[in-house]
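Reading through the structure tokens given below for one structure.
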Amino acid sequence: MNQKIRIGVLGCASIARRSVIPAIKELYDDFELKAVASRNELKAKEFAAQFGCEAVVGYENLIARDDIDALYIPLPTGIHYEWISKAISVGKHVYAEKSFASSVVETKSLISSAAKKNTALMEGYMFLYHKQQEVVSSMILEGEIGELRNFHGCFGFPPLNSDNFRYDESLGGGVIMDAAGYPLRAAYYFCGESLVVQAATVFRDIEDTSLWGSAYLSNGLGLGASIAFGFDNTYQCRYEIWGSKGKITSERAYTAGANFSPKILFENATHSKIINIDQDNHFIGAMREFQKIIKVPSRRQDHYRQILIQSQAIEDIKTLSKLSFSMRKITK
């Protein structure tokens, strides 16, 4: 199967315009961008004109097309289930932005449907496909920091505009479903899938929107991972991986832009060094992975499993954080 994957975009989100559609267009040997759908005709036509594809009004009309093999879905998490379900039901492969679904129940249902239809599913944690993660993984595998002892990751930023959908938990917003997912996914990537959430605390405002918090995970064998996240924090985008013989730190772990060259700090008992990482477009890397799991069905089970593990951990953070629930009104 060497033909291009015919892809459509379900929604005109900012991330689609800024990053993902340009990545799709860059991979012209692998993908053909067929159409962009919006509920708003003007917005659909604007996107289509910018990216040289067809405008479709209504998500269902794009899903129903028989000249589409796959869909990129950057819609809010709260409406993922409806549209991913409909896409799977007609055999479309799906790359959805994080978080994949609003609950573990929804996630399990979507994965079950995809397995029956033999369709590929992927969750949009693009940072995993930046070459800095490959460099760090190689250092760990080669024993440069010895045995893993602890992972700490944090991702947070100052308040967003008050009308941002991330403040609307009915749409799948809130910091747990958004910023928390990045260091959580990194913890699983580097420390393995046996990590289980043991404790969590989250601050919610008077409207019951989760705004900042932290969580602790362990694998039951001594390896721990702590994560911190926030919508009302000074900016942080980093992880530290501490081993028996050294430590690795990345300061731009999750959002290294295509024109940015990250630096990895390595430290041990005798010396430290900075490793310069070449510029890389992790959105292109993510779309390449999506192409692979479409073309090679045997790769799909790994993504089903990763999506489910991530979803379960997010739900565990929600559940455990209610034990330390606090509420007060703050200005967004």
Side-chain angles (χ1 to χ4, degrees), residues 14-15 18-20 23 97-98 123-160 166 175-176 178-192 195 211-217 223-286 289 310 313 317:
S14 174
I15 192 172
R18 288 183 289 107
S19 302
V20 179
E97 281 301 332
K98 51 77 192 150
E123 186 173 20
Y125 285 108
M126 70 294 165
F127 76 93
L128 296 173
Y129 305 98
H130 194 287
K131 64 179 63 176
Q132 69 173 315
Q133 320 310 346
E134 183 180 343
V135 169
V136 172
S137 293
S138 295
M139 293 172 69
I140 293 171
L141 289 172
E142 290 167 8
E144 293 194 37
I145 62 169
E147 295 180 359
L148 293 186
R149 295 289 188 256
N150 180 266
F151 172 94
H152 174 65
C154 50
F155 187 40
F157 33 83
L160 305 163
R166 289 175 178 83
V175 73
I176 301 173
D178 193 277
Y182 289 88
L184 179 64
R185 188 67 191 86
Y188 282 114
Y189 181 80
F190 291 115
C191 299
L195 292 174
L211 293 182
W212 70 81
S214 57
Y216 176 75
L217 302 87
L223 177 62
S226 60
I227 64 171
F229 40 88
F231 282 170
D232 190 45
N233 301 40
T234 186
Y235 183 73
Q236 289 280 281
C237 182
R238 69 197 305 268
Y239 60 68
E240 295 179 352
I241 304 172
W242 190 14
S244 58
K245 298 179 180 179
K247 186 174 78 169
I248 297 169
T249 304
S250 169
E251 294 289 351
R252 283 291 294 275
Y254 317 115
T255 62
N259 298 317
F260 181 80
S261 299
K263 292 178 173 58
I264 303 296
L265 174 63
F266 168 81
E267 302 169 89
N268 66 17
T270 61
H271 73 285
S272 65
K273 64 179 178 180
I274 291 176
I275 302 165
N276 295 301
I277 308 297
D278 292 338
Q279 295 176 0
D280 192 23
N281 187 327
H282 51 207
F283 291 99
I284 290 177
E289 176 66 12
Q310 180 81 3
I317 291 172

Taking every non-hydrogen atom, the tightest pair across L195 and L223: CD2-O, 4.2 Å
Taking all non-hydrogen atoms of both residues, which atom of Q132 and which atom of P262 are closest, and how far apart? OE1-CB, 3.8 Å
Do Q310 and L184 come close enough that some side-chain heavy atom pair is under 4.5 Å? yes
Not counting sequence neighbours, which residues clear side chain to side chain contact (heavy atoms under 4.5 Å, CB included) with D178? List them please. K98, F157, R166, F231
Can you tell me how far the OH atom of Y239 sits from the CD1 atom of I227, to the nearest 0.5 Å? 15.0 Å
Quick check on the 6.0 Å ring-centre criterion: do Y254 and H130 meet it? no
If you compare all heavy atoms of R252 against all heavy atoms of G257, which two are closest, and at what distance to 0.1 Å? NH2-N, 4.0 Å
Side-chain contact test, heavy atoms from C-beta onward, threshold under 4.5 Å: evaluate it for I145 versus K245 and give yes or no. no
Parallel, tilted or perpendicular, judged at 30° and 60°: which one describes the rings of F155 and Y235? perpendicular
D280 side chain to H282 main-chain N or O, any donor-acceptor pair under 3.5 Å? no
Atom of C154, atom of P183 and distance for their closest heavy-atom approach: N-CB, 4.0 Å
Interatomic distance, CD1@I275 vs OG@S250, rounded to 0.5 Å, equals 10.5 Å
I need the minimum non-hydrogen distance between V136 and F190, along with the two atoms involved. CG1-CE2, 3.5 Å
Looking at every non-hydrogen atom in both residues, tell me the closest pair between P159 and D232 and how far apart they are. CG-OD1, 2.9 Å
Taking Q279 for the side chain and N259 for the main chain, is one N or O donor matched with an acceptor at less than 3.5 Å? yes
Give the intermediate values and the outcome of side chain to side chain contact (heavy atoms under 4.5 Å, CB included) for residues R18 and F283. CA-CA 10 Å; R18 288 183 289 107; F283 291 99; over 6 Å; no
Tell me which pairs pass side-chain hydrogen bond (donor to acceptor under 3.5 Å, both in side chains) where either residue lies in residues 142-157, with sequence neighbours left out. E147-R149, H152-S226
Are side-chain heavy atoms of T249 and E267 found at a separation under 4.5 Å? yes
Walk me through it: do Y189 and Y125 pass the test ring pair (Phe, Tyr, Trp, His ring centres under 6.0 Å)? CA-CA 11 Å; Y189 181 80; Y125 285 108; over 10 Å; no
What distance do F266 atom CZ and H271 atom NE2 have between them, rounded to the nearest 0.5 Å? 5.0 Å
L141: which residues meet the side chain to side chain contact (heavy atoms under 4.5 Å, CB included) condition with it, sequence neighbours left out? none
Would you compute the distance between atom NZ of K247 and atom CG of N268 and round it to the nearest 0.5 angstrom? 12.0 Å
Step by step, would you call E134 with Y129 a side chain to side chain contact (heavy atoms under 4.5 Å, CB included)? CA-CA 8 Å; E134 183 180 343; Y129 305 98; over 6 Å; no
Would you mind reporting whether L217 and Y188 have side-chain heavy atoms less than 4.5 Å apart? yes
Would you say E97 and V20 make side-chain contact, with heavy atoms under 4.5 Å? yes
Taken to the nearest 0.5 Å, the spacing of F260 CZ from I277 CD1 works out to 11.0 Å
